[in-house]
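See below for the structure under consideration.
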Amino acid sequence: MADSKRFDHYINGQWVAGADYCANINPSDLSDVIGEYAKADAAQVNAAIDAARAAFPAWSTSGIQARHDALDKVGSEILARREELGQLLAREEGKTLPEAIGEVTRAGNIFKFFAGECLRLSGDYVPSVRPGVNVEVTREALGVIGLITPWNFPIAIPAWKIAPALAYGNCVVIKPAELVPGCAWALAEIISRAGFPAGVFNLVMGSGRVVGDVLVNSPKVDGISFTGSVGVGRQIAVNCVSRQAKVQLEMGGKNPQIILDDADLKQAVELAVQSAFYSTGQRCTASSRLIVTAGIHDKFVAAMAERMQSIKVGHALKAGTDIGPVVSEAQLNQDLKYIDIGQSEGARLVSGGGVVTCDTEGYFLAPTLFADSEASMRISREEIFGPVANIVRVADYEAALAMANDTEFGLSAGIATTSLKYANHFKRHSQAGMVMVNLPTAGVDYHVPFGGRKGSSYGSREQGRYAQEFYTVVKTSYIGS
Ligand SMILES: NC(=O)C1=CN([C@@H]2O[C@H](COP(=O)(O)OP(=O)(O)OC[C@H]3O[C@@H](n4cnc5c(N)ncnc54)[C@H](OP(=O)(O)O)[C@@H]3O)[C@@H](O)[C@H]2O)C=CC1
Ligand SMILES: O=C(O)CCC(=O)C(=O)O
C-alpha cells in the first residue's frame, strides 16, 4: 500500500514493493512531488501475468451477477470521489480541475455501463442447414489481456480498457504511462476493495521499454490493448501479430476542423478553440488544422485572434484557468519545435508562440495559432499534441473535404456549417472514424464506439457494446439430437 507517499504495484491481490521507484511530479509546479511510484522489473511483470493466468479459468466462468456488482461498486466509488480524484488527475497530468472532474466522471460512468453489459451478454441460437441439428454462437473471454495506456487521459483510458476486459470475463495486467501512475494506482486501490478475486486485476507500473515490452512479448498474454504514439503502436502490432496475439491500437490523429462560409461565426470560433486548445491540445481527437473557406476566412482569423486573448493559461488547480500546463518537458520541447517549424515554413503567427511565466515553475505554453499555412507544411500534416494549431484557406466545401481527407490519419473530423446538405455530405464522405457536426473534434460519449481509420487505429473499436469484439472470442457449437 502507500507508505509515506510510496505507491506499490498490485499483483495477485497483494500490494508489492517496486524493484525501484519513480517520482510523479506536478507539471503545474515542479516543486510538488505527488508521490514515489513503483517501477517493475521483468520478474514482477511475469508474476502479474502468471497471477492473471491462474485466475482466468474461474473468473471467465464466474456468475454475471458477481461481475456486475463488483464493476458497479467501482463505478459508484469513482463517482462519489470525483472531486478528490479530479484533483489528483489535474495535479499529475495538468488538465484543469473542471476537465479533470469531467474525466473522472466519465471513468465512473464507464464502469457503470460495463456493469450493465455483464447482464446483457447474448448469443445466437439458430437452426442448422442440416435437419435435426441446432447451432449456438456464443462469446467467451479472450484470456489474459495486457493494457498499455498513455498519459493524456490517466483515468478514463484505463477505465475504458479495464471495465470491458473484466466485464467479459478476462483477467488483466495494466501498465499506465510512467508520467501519470497516480490515477491508475487510485483506480487499482478502488478495484482491490470491490470484490474481484486475487489475480483478476493486476497493476504494474514502470517504463514502456521494460514493463510494456514484457507484456507485449509474453506468450501467456492473449491480447494487447494500447493507446499512445504511432511508432510504439506499430511495433507492438508487429510483435503481437508475429505470435498471433490479438491487438488493438488507438494512436494519433491530425483531425481536420472545417469552417464553412455559412457557419455561425461565434459558434465556429468556440468549437475551434475547444478542438485546438482545451486539455492543452493533448488529445488524440484535438484539431490542429482548421480548414476555412474563403468567404469567412478573414473574419474567422480576426475573431480567433481576439478570442485567444482571453484564454487563461495557468496552474491546473487554480480557479479560472482555461488551459493547464503541457504534461512534460519533452512534450513542451516537441510543441516548441513545431512552433519553430511553422515559422520557418512561412506560416504567419497570429497568437502565442512561446512559453508563459506563471506564479509556479511549470511547463506553461501560450496557445499558438498560425494562419496563411499550406496543406503541405509539416504543421499541417504531423501530429503536434499540444496547444498549437494552424489555419488553411480553401476555396469551397469540395476543396475543404478533399484537404480534410488528405492525411495519413482518420480519427475524428469536424465541420461547422448551417447547411444540412454539406453536413450530410461530410458525414458520408469524411474518411474519419468519428464525425462531428457543429461540435468540437474532441469530446466523446462513453457508451458508443471510439476509434479511427487509416493510421489512427488498428483492430476493433473501443467503448460501448463494440468493445466486445476485442475482449471476446466467438464459439460456434453444433447440437445434434
Ligand atoms: N493517441 C493518444 O491518445 C496519444 C498519443 N500520443 C502521441 O505520442 C507522442 C509521445 O507520447 P508518449 O507518451 O511518449 O507515447 P508512447 O507511445 O511512448 O506511450 C504510450 C504508452 O506506451 C508505453 N510504451 C512506450 N514504449 C513502449 C514499448 N516499447 N513497448 C510497450 N509499451 C511502450 C508508454 O510507457 P512509458 O511512457 O511509461 O514509458 C505508455 O504507457 C505524443 O507526443 C503524441 O503525439 C501520446 C499519448 C496519447
Ligand atoms: O476526445 C475525447 O473525449 C477522448 C480523447 C482521447 O481519448 C485521447 O486523446 O486519447
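Order of appearance sets the numbers: ligands from 1, and atoms from 1 within every ligand. These numbers were taken from a predicted model, which means no experiment stands behind them.
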Exercise. When you measure from atom 43 (O) of ligand 1 to every protein heavy atom, which one gives the shortest distance, and what is it?
Worked result: Q331 OE1, 2.9 Å
Problem set entry | Heavy atom of F153, distance to ligand 1 below 4.0 Å | no
Exercise. What protein heavy atom sits nearest atom 44 (C) of ligand 1, and how far off is it?
Worked result: F385 CG, 3.4 Å
For this session: With heavy atoms under 4.0 Å as the rule, classify the contact between Q235 and ligand 1 as side chain, backbone, both or neither.
Result: neither
Problem set entry | E408 bridged to K254 by N-O distance under 4.0 Å | no
Exercise. Got a sec, which residues hit side-chain hydrogen bond (donor to acceptor under 3.5 Å, both in side chains) with S242, two or more places apart in sequence or on another chain?
Worked result: none
Exercise. Hey, is G206 one of the residues with a heavy atom under 4.0 angstrom from ligand 1?
Worked result: yes
Problem set entry | Under 3.5 Å: N/O of L179 near N/O of ligand 1 | no
Exercise. Hey, would you say the W160 and F111 ring centroids sit under 6.0 Å apart?
Worked result: no
Problem set entry | R381/D406 salt bridge by N-O under 4.0 Å criterion | yes
Exercise. Do any non-hydrogen protein atoms sit less than 4.0 Å from atom 14 (O) of ligand 1?
Worked result: no
Exercise. Does the ring of Y446 carry K112 above it, NZ/CZ under 6.0 angstrom from centre and within 45° of its axis?
Worked result: no
Problem set entry | Residues in the immediate environment of ligand 2 (any heavy atom closer than 4.0 angstrom) | R106, N152, F153, I157, W160, R283, C284, T285, A442, G443, V444, F450
Problem set entry | Partner set under side-chain contact (heavy atoms from CB on, under 4.5 Å) for A19, not counting sequence neighbours | D41, Q44
Exercise. At a 4.0 Å threshold, what atoms of ligand 1 neighbour a non-hydrogen atom of T149?
Worked result: 21 (C), 40 (C), 41 (O)
Seminar exercise, completed: of all protein heavy atoms, closest to atom 11 (O) of ligand 1 is W151 NE1, 3.6 Å
Exercise. Would you say ligand 1 has an N or O under 3.5 Å from any N or O of E178?
Worked result: yes
For this session: Go through the steps for N152 and Q282 under the test side chain to side chain donor-acceptor pair (under 3.5 Å), then give the verdict.
Result: CA-CA 6 Å; N152 64 331; Q282 297 176 149; over 6 Å; no
Exercise. Judged by atom type as modelled, is there a donor-acceptor pair below 3.5 Å linking the side chain of T360 to the main-chain atoms of S28?
Worked result: yes
Exercise. Which of the numbered atoms in ligand 1 are below 4.0 angstrom from a heavy atom of C284?
Worked result: 1 (N), 2 (C), 3 (O)
Problem set entry | Side-chain (T149) to main-chain (L147) donor-acceptor, under 3.5 angstrom | no
Problem set entry | Under 4.0 Å to a heavy atom of E383 - the qualifying atoms of ligand 1, by number | 7 (C), 44 (C), 45 (O)
Problem set entry | F226: numbered ligand 1 atoms lying under 4.0 Å from its heavy atoms | 17 (O), 20 (C), 21 (C), 22 (O)
Problem set entry | Atom indices of ligand 1 within 4.0 angstrom of A177 heavy atoms, with elements | 38 (O), 41 (O)
For this session: Between T227 and ligand 1, find which residue part has any heavy-atom pair under 4.0 Å and reply side chain, backbone, both or neither.
Result: both
Problem set entry | Proximal ligand 1 atoms for Q334, defined as those under 4.0 Å from one of its heavy atoms | 43 (O)
Problem set entry | R6 charged N/C atom sitting above Y37 aromatic ring, 6.0 Å / 45° | no
Exercise. For ligand 1, which atoms have a heavy atom of P150 less than 4.0 angstrom away?
Worked result: 47 (C), 48 (C)
For this session: Check each of G208, G252, G233, S456 against atom 39 (O) of ligand 1 and report the one with the nearest heavy atom.
Result: G208
Exercise. Would you find a donor on one side and an acceptor on the other, under 3.5 Å apart, between the side chain of T321 and the backbone of H315?
Worked result: yes
Exercise. Given the protein's heavy atoms, is any one of them under 4.0 Å from atom 19 (O) of ligand 1?
Worked result: no
Exercise. Could R81 and E77 be called an ion pair, given the rule that one side-chain N must be under 4.0 Å from one carboxylate O?
Worked result: yes
Exercise. Is it the side chain, the backbone, both or neither of Q282 that has a heavy atom closer than 4.0 Å to ligand 1?
Worked result: neither
For this session: Look only at interatomic distance and state if S229 has a nitrogen or oxygen under 3.5 Å from any nitrogen or oxygen of ligand 1.
Result: yes
For this session: Look at R461 together with E469 and state whether they make a salt bridge at an N to O cut-off of under 4.0 Å.
Result: no
Problem set entry | Pair W15 and Y10, ring centroids less than 6.0 Å apart | yes
For this session: Dump the intermediate steps for side chain to side chain donor-acceptor pair (under 3.5 Å) on E99 and T96, then the final yes or no.
Result: CA-CA 5 Å; E99 288 172 333; T96 65; 3.2 Å; yes
Exercise. Can you tell me the protein heavy atom closest to atom 23 (C) of ligand 1 and the distance?
Worked result: I148 CG2, 3.7 Å
Exercise. Partners of Y363 by ring-ring contact (aromatic ring centres under 6.0 Å, His included), sequence neighbours excluded?
Worked result: none
